[in-house]
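Quick notes on the structure that follows.
What you are looking at is a predicted structure, and each value in this text was computed from that prediction instead of being measured. For reference, positions follow the sequence shown, starting with 1. Just so it is clear, the values below take in all heavy atoms, side chains as well, and ignore hydrogens, waters and symmetry mates.
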Amino acid sequence: QVHLVESGGGLVQAGGSLRLSCAASGRTFSSYAMGWFRQAPGKEREFVAAISWNGGSTDSADSVKGRFTISRDNAKNTLYLQMNSLKPEDTAVYYCAARSRAMILTTVGSYDYWGQGTQVTVSS
């Protein structure tokens, strides 16, 4: 069982930066692949980025490549998402998710545990 709590969201102007954090409980955090997803009003939840259990492999959506970076600190049981050059279309609730397998995947249904989400709003 993994309990996830996101933080770091807020209001930022276009072109600005934010860093999201996801604190995980449980001693098995380091064995989970982790991901970030987002959901804008009226839209389905979509993949943003994912990272393998040891940080050796990452993947990200084309819409955020070159702007967002996912990372993790297993000693601190924490997942991060550094978001730079933010755009109004990045506005959404951002969720972190854990997958009880080592391989990273990009589909919502592949993840077993979810946080409550943190709101990111980018003004133009």
Side-chain angles (χ1 to χ4, degrees):
Q1 187 79 13
V2 176
H3 182 60
L4 305 172
V5 179
E6 302 94 337
S7 62
L11 174 64
V12 64
Q13 288 188 333
S17 298
L18 282 174
R19 187 174 83 154
L20 305 183
S21 298
C22 174
S25 65
R27 293 176 291 178
T28 58
F29 172 77
S30 60
S31 66
Y32 285 77
M34 301 293 296
W36 286 100
F37 291 76
R38 66 187 182 186
Q39 188 166 18
K43 295 187 176 181
E44 293 188 350
R45 194 168 298 188
E46 65 175 7
F47 170 74
V48 175
I51 189 166
S52 61
W53 68 276
N54 64 351
S57 296
T58 62
D59 193 9
S60 60
D62 288 343
S63 59
V64 305
K65 273 185 168 59
R67 300 188 299 122
F68 292 10
T69 302
I70 189 171
S71 61
R72 66 191 296 165
D73 185 337
N74 286 345
K76 296 181 178 180
N77 279 13
T78 304
L79 175 72
Y80 302 100
L81 184 68
Q82 178 66 45
M83 305 187 295
N84 299 327
S85 301
L86 282 160
K87 305 175 180 181
E89 51 264 43
D90 295 318
T91 295
V93 177
Y94 283 71
Y95 299 89
C96 70
R99 182 171 187 271
S100 55
R101 296 289 188 274
M103 183 185 300
I104 57 176
L105 291 177
T106 64
T107 55
V108 170
S110 300
Y111 288 77
D112 304 299
Y113 305 101
W114 292 84
Q116 292 300 305
T118 185
Q119 176 71 46
V120 172
T121 303
V122 184
S123 63
S124 58

Quiz: residues 99-106 side-chain donor-acceptor pairs under 3.5 angstrom, not counting sequence neighbours:
residue, atom, partner, partner atom, Å
Arg99, NE, Ser110, O, 3.2
Arg99, NH1, Met103, O, 2.7
Ser100, OG, Asp112, OD2, 2.7

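- Heavy-atom minimum distance, Gly35 versus Tyr111: N-CE2, 3.7 Å.
- Atom CZ of Arg45 sits about 5.0 Å away from atom CH2 of Trp114, to the nearest 0.5 Å.
- For the residue pair Ser71/Asp73, the side-chain donor-acceptor check at 3.5 Å is not satisfied.
- Put simply, CZ on Phe37 and SG on Cys96 are 10.5 Å apart, with the number rounded to the nearest 0.5 Å.
- The backbone N or O of Ala92 sits nowhere less than 3.5 Å from a side-chain atom of Gln39 that would complete a donor-acceptor pair.
- Asn54 places no side-chain N or O within donor-acceptor distance of the main-chain N or O of Asn74, the cut-off being under 3.5 Å.
- Residues passing the side chain to side chain donor-acceptor pair (under 3.5 Å) test with Asp90 are Arg38, Arg67, sequence neighbours excluded.
- A donor-acceptor contact shorter than 3.5 Å links the side chain of Arg72 to the backbone of Ser52.
- Environment of NZ in Lys76: sparse, with no more than 12 heavy atoms of neighbouring residues, nucleotides or ligands closer than 6.0 Å.
- With Glu6 contributing its side chain and Gly117 its backbone, the two residues share a donor-acceptor pair below 3.5 Å.
- The hydrophobic cluster containing Met83 also includes Val2, Leu4, Val12, Leu18, Leu20, Phe29, Tyr32, Met34, Trp36, Val48, Ile51, Val64, Phe68, Ile70, Leu79, Leu81, Leu86, Tyr94, Tyr113, Val120, Val122, under a criterion of side-chain heavy atoms closer than 4.5 Å among ILVMFWY residues, counted directly or through chains of members.
- Atoms CD and OG, on Gln13 and Ser124 in that order, are 9.5 Å from each other to the nearest 0.5 Å.
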Side chain to side chain contact (heavy atoms under 4.5 Å, CB included) between Thr91 and Gln119: does it pass, once the steps are laid out? CA-CA 8 Å; Thr91 295; Gln119 176 71 46; 4.0 Å; yes

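- When atom types are taken as modelled, the side chain of Gln82 and the backbone of Thr69 share no donor-acceptor pair closer than 3.5 angstrom.
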